[in-house]
Amino acid sequence: MSDAVTTAPAGYAPHIQKRSATLSMDTVAAWVLTLPAILAYLLMVLLPLLGVLALAFTDYEFGARSFRWVGLDNFADMPKDRTFMASIRNTVVYCFFVVPLSIGLALLLAILIEAGARGRAFFRAVFFLPVVSLTVAMATAWQYLLHPSIGPVNAVLRALGLGAPNWLGSSDWVMVSLGIIGVWENVGFNLVLFLAGLTAIPRDLYAAAEVDGAKSAWSRFTLVTWPLLGPTLLFVMIITMTRSVRVFDTVQTLTQGGPNSASEVLLRTIYQEGFHYFKFGYSAAITLVFLAIVLAIMLVQTRLIDSKVHYG
Amino acid sequence: MRADKQTLFKDMPRLAVLGCAAILMLVPYVWMIAVSVKPPDEVFRASLTLLPERWALVENYGKVLRTIPVATFVMNGLIVCMGILFFQMLFAIPAAYALAKLQFRGRELLFGFVMLGLLIPYQTTALPLYLGFHQAGLLNSYTALIAPFTCSVFAIFLFRQFFKALPDDLIAAARIDGMGEFSIVWRVVLPNALPAATAFAIFSVVAHWNDLFWPLIVIQKGDLYTPAMGILAFRAVESGDDYGALMAAATLVAAPLVIAFLFAQRRFIEGVTMTGLKG
Amino acid sequence: MTRLSLTRRQSLAVIGGATATIAMPSIARAQAVEISVHYSMPAIFKEAQDAVMEAFVRKHPEVKATYVNPTPTYEDGAQLLLRNAATNSMPDISFQGLNRLRMFAERGIAQDLAPLLAREGDPAKLGYSRSLLGLGFHAKMQCGLAFATSNPISYYNMDLLKKAGITDAAFPASWDKVIENAKRIKALGDGNDGMFFRWPGDDWMFSALLYGHGGRMLNEAETDVAFNSAEGLAALKLFDRMVKEGGMPNYAGTADLQAFAAGKLGQMFRTTAQVRSISNSVGSNFQLQTSLMPVIDPVKGRLPTGGAGGMITSKDPRKQEAAWTFLKFATSAEGTTLMTKNTGYVPCNQIAIDDPSYLADFYKQNPLFQAATRQVSLMVPWYAFPGQNSVRVTQVMVDNLARIAEQKATPEQVLADMATEVRKLIPRQG
């Protein structure tokens, strides 16, 4: 290759120039393509965020007419805040519960659906339904289903002779219940994503694998599906993680963080401090800490896994 | 290419597992619909009965239709969700392509911002945005409902993943054919990522159809509410919700989404089987 | 581009439509003062507010009042007001939860109604008794007028009581009796529970027990806690007994309402605001009765008042006048009658309470609503803590009650902890 470059006859020179020109054209093109997104992001996401984060260093209250700069006072208050510490603990527990379970179940269901031709459209629609419904309505449904005395779940458990826990009222069980609901919510969502990923895998690869001697479903999975599902899987993991760490609606509607902060989660604490107690400065400080921690974890995870996933 | 159709017998285990999972997934949903046709004194019973003794379908749904302008809300939902989706695709797809396939300085930095965006809870930025829209005189408008969501980092992330999986020679071939980057995005890359596009469209529409938080903040006058707001007329924690009407409203609000999904599903399948690429 | 023009056109259409809804003689329209009114919980108050508005329009054509979109909860309503305070676009009148009025007074959002009231002469003649005015008197000013009030009452499943062999003609007059009944009902088994006293959510019910014993939250000067007194301890001990002896289940959210409607809860203690929806969900499943809260201290005992009060935010004198006209009407005997008939809350005008021509028929047809009216003489304001942490204090109390409900701490421990935490949260003055 290098010979061709150094001893290039006249006709080749423009080609080289074009290549380096193409490179910088790439950069120009890239920035042009991303410009609208960047502008929207700046205006609607980044600038407001920076404004709010600046408040982390003040004692601003929602509706107050003035505020003072208090430096790092808000951050100093955090370790002493029992509710905040409980939020961190509960959010971590919730993520560890929901992320692997909802991904595993969704993947299993997606593969089962795609494995046969019968009932595909039906099952797709059925598993999608929970994604569509409003949290308010679903929360009421769950409240009834998990009711300690009149709920069907406990009725079944009692009939089987097992204990009937106080799902949403007991500080020992409340995170488990919320975790179960979280898995339920996320399975449908992840399923749709996995289905998109699975349908993008060319069918003839399976045929080719079979020809090459991969007879069983398991070997087809490990040889073809798993590697090609890589990018989708990474995506689903990141998305489920970000959704789990930002859990809010179910907690707010079902338990309001109780009993006694046993089900407080980070986003709810942020909301509670800012919109309920009107302590916007403190709420912004918690937001800053929250974003810093989670962003760090996210970047590490992406870098680790991204390099392991092979593309096309 | 369709999978071989196995005999019903061989298919049983698969169908059984899927069937059980389906029932478990659907229980809350079924309860919601069951309650929407029950009178208030039958909603909470010690035994789980799905069919009501006294049908209150007309009562509950009638109340919902009388109390809230369902047609207006659905109309608003359509305008707002389609508007948001349009801009999200318009901004995200080229950006995702650039992040996935083009080498340029600052790529890592931009991607870092995308990741950051995934984590930002949008309640956090609500107050400054509200103040900004007020200054611009844009409250109580479709713009206020659509603009904040036009940059979807979720979309950028999703499409980037799918575009990365596309073979490079496909794009090289297009370049040799003389296509500019812009045409490549819309004429070559996107058609090969239709499953991703449909999946995203589904999520975007569902999320914004069901959004309560933001419309409550920016719409204070008039009927520009999105469908989810319709629910709130029946929700009163202090005096007890009107469960039958609440569930009826929730069902009505979810119905257009389900119909849209069924419709999109068929197109989705057609789209995949028709692209010759995979052959 | 087209999108923008559609928006403008759409907005104009909406505003035009809203303006056209109130028909008025053109002369009056030219001179009419415009005010905007805000309230929360349309599910409860929409019919009442619409009825009040309809009657108001006929009586006072010189004021053009329109509603901004109501907010779903009191909390959303408070947030709306604070947001709009930042952009100077507050509604002229806002109906807020009674325990929030103080916060708005302290932030200079609620205007003092005392001068406007003074012009009317003797307030008692208008039906504003001292205790009714007291409900809206905070931070040394009359920051609002009570519009719709509620107090805690008892709900009984008569069928279940009968089944447990409780045949007293009179309702349980004391908590001892209630707890005893609860024991007997629980002994029936089959998932039946004897009682539930709604403590989650906010500090309203705790104050019911505290005030019932004659205690108070903070001392007169509001510099220190006063609930860590003998009365406070007695209140917590009673609560503890409810769990230990009465077998009170640890319900979250609205689980108690659901169990009651299903016929599995014998005695329930909650706000009277829910009478209508509870009797709807009970239907004819069993016989429902309401009664007063069991009396603890017949002399010193009091009950907290929940509900909504109207406040004026406008500083413009003309708008204030107009707003005052509306607020006065809404809380007049006529206005409060409309409110009561449409919601079942306790009326906020002494004339409407005393004079049978207003509501006697209503109560005859709706006997369940009567229990609350018989406790009117015991109503004291729902306490709003001073300072910036007032809302947080409420949460502290709820969290501590949860410890007793789960039997994870003794009343003595909880009282001490609550006192320590609340002391840190109230402003220190001098």
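Quantities reported herein were computed from a predicted structural model and do not represent experimental measurements. First the proteins, then the strands, lettered A, B, ... as listed; each starts at 1.
- Under the 4.5 Å side-chain criterion, counting only non-hydrogen atoms from C-beta, B:Phe104 is not in contact with A:Val28.
- The side-chain heavy atoms of B:Leu102 and A:Leu33, taken from C-beta on, include a pair separated by under 4.5 Å.
- Ranked by heavy-atom pairs shorter than 4.5 Å toward chain A, the options B:Leu257, B:Leu158, B:Val253, B:Leu26 are led by B:Leu158.
- With a 4.5 angstrom heavy-atom cutoff, A:Trp142 touches chain B only via side-chain atoms.
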message = Applying side-chain contact (heavy atoms from CB on, under 4.5 Å) to A:Phe235 and B:Arg160, what does each step give before you reach the verdict?
response = CA-CA 10 Å; A:Phe235 177 75; B:Arg160 175 184 175 270; over 6 Å; no
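- Counting heavy-atom pairs closer than 4.5 Å to chain B, the top-ranked of the candidates A:Leu47, A:Leu205, A:Leu134 is A:Leu134.
- B:Val114 has its side chain out of reach of A:Tyr41: every pair of non-hydrogen atoms, C-beta onward, lies at least 4.5 Å apart.
- Once rounded to the nearest 0.5 Å, the distance linking CZ of B:Arg14 with CD1 of A:Ile113 reads 8.0 Å.
- Tested against B:Thr124 for a side chain to side chain contact (heavy atoms under 4.5 Å, CB included), the candidates A:Leu53, A:Val45, A:Val52 yield a single pass: A:Val52.
- Residue B:Ala95 comes nearest to A:Thr34 through the heavy atom pair CA-CG2, 3.6 Å, listed as atom of the first residue, atom of the second, then distance.
- The side-chain heavy atoms of B:Phe149 and A:Met44, taken from C-beta on, include no pair separated by under 4.5 Å.
- Taking B:Leu131, B:Leu127, B:Leu246 one by one and counting their heavy-atom pairs under 4.5 Å with chain A, the maximum is reached by B:Leu127.
- In this structure, B:Pro121 and A:Phe290 have side chains that are in contact, with non-hydrogen atoms separated by less than 4.5 Å.
- Taking each heavy atom of B:Cys151 and A:Ala40 in turn, the nearest pair found is CB-CB, 3.6 Å.
- Within the model, atoms CG of A:Leu195 and OG1 of B:Thr198 stand 12.0 Å from one another, a figure rounded to the nearest 0.5 Å.
- Heavy atoms closer than 4.5 Å to chain A are found nowhere in B:Ala249, neither backbone nor side chain.
- The most heavy-atom pairs under 4.5 Å with chain A, out of B:Arg107, B:Met25, B:Lys101, come from B:Met25.
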Worked verdict on A:Leu234 versus B:Gln161 for side-chain contact (heavy atoms from CB on, under 4.5 Å) = CA-CA 9 Å; A:Leu234 172 67; B:Gln161 291 299 102; 3.9 Å; yes
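- At a 4.5 Å heavy-atom cutoff, the contact between B:Val185 and chain A is made by side-chain atoms alone.
- Chosen from B:Pro148, B:Ala228, B:Ala92, B:Ser152, the residue pairing most often with chain A at heavy-atom distances under 4.5 Å is B:Pro148.
- Between chain B and the residues A:Val245, A:Leu43, A:Leu112, the largest count of heavy-atom pairs under 4.5 Å involves A:Leu112.
- When every heavy atom of B:Gly106 is checked against every heavy atom of A:Trp31, the shortest pair comes out as CA-CZ2, 4.5 Å.
- For A:Phe122, no part lies under 4.5 angstrom from a heavy atom of chain B.
- Heavy atoms of B:Val17 lying under 4.5 Å from chain A belong exclusively to its side chain.
- Residue with the most contacts toward chain B among A:Leu129, A:Ile270, A:Leu46: A:Leu129 (heavy-atom pairs, distance under 4.5 Å).
- Only the side chain of B:Val153 comes within less than 4.5 Å of a heavy atom in chain A; its backbone stays farther off.
- A distance of 4.5 Å separates CG of A:Leu49 from CD1 of B:Ile120, quoted to the nearest 0.5 Å.
- Highest contact tally toward chain A, considering only B:Leu129, B:Val27, B:Thr150, is held by B:Leu129 [criterion: heavy-atom pairs under 4.5 Å].
- Closest approach of A:Phe127 and B:Leu18 over heavy atoms only: CZ-O, 3.7 Å.
- When all heavy atoms are compared, the tightest approach of B:Val206 to A:Val131 is CG1-O, 3.4 Å.
- Residue A:Ile150 comes nearest to B:Phe44 through the heavy atom pair CD1-CB, 4.3 Å, listed as atom of the first residue, atom of the second, then distance.
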message = side-chain contact (heavy atoms from CB on, under 4.5 Å), that's the test. Do B:Leu15 and A:Phe123 meet it? Break it down for me.
response = CA-CA 10 Å; B:Leu15 288 176; A:Phe123 282 115; 3.8 Å; yes
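- Atom CZ of B:Phe154 is separated from atom CD1 of A:Ile238 by 12.0 Å, given to the nearest 0.5 angstrom.
- Contacts of A:Phe280 with chain B are made by side-chain atoms alone, with heavy-atom separations under 4.5 Å and no backbone atom involved.
- Taking chain A as the reference chain and counting heavy-atom pairs below 4.5 Å, the highest number among B:Ala254, B:Pro28, B:Ala21 is found for B:Pro28.
- Note that CG of A:Asp249 and CZ of B:Phe213 are 10.5 Å apart. Values are rounded to the nearest 0.5 Å.
- Counting heavy-atom pairs closer than 4.5 Å to chain B, the top residue among A:Pro36, A:Gly51, A:Pro130, A:Ala207 is A:Pro36.
- Remark: A:Leu105 CG to B:Leu24 CG distance equals 10.0 Å, nearest 0.5 Å.
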ask   = Could you walk me through whether B:Phe203 and A:Leu193 pass the side-chain contact (heavy atoms from CB on, under 4.5 Å) check?
value = CA-CA 10 Å; B:Phe203 291 134; A:Leu193 289 172; 3.5 Å; yes
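- Within the 4.5 angstrom heavy-atom criterion, atoms from both the backbone and the side chain of A:Thr140 approach chain B.
- With a 4.5 angstrom heavy-atom cutoff, B:Tyr130 does not touch chain A via any of its atoms.
- For A:Phe128, the part lying under 4.5 angstrom from a heavy atom of chain B is the side chain only.
- Both the backbone and the side chain of A:Leu295 have a heavy atom closer than 4.5 Å to some heavy atom of chain B.
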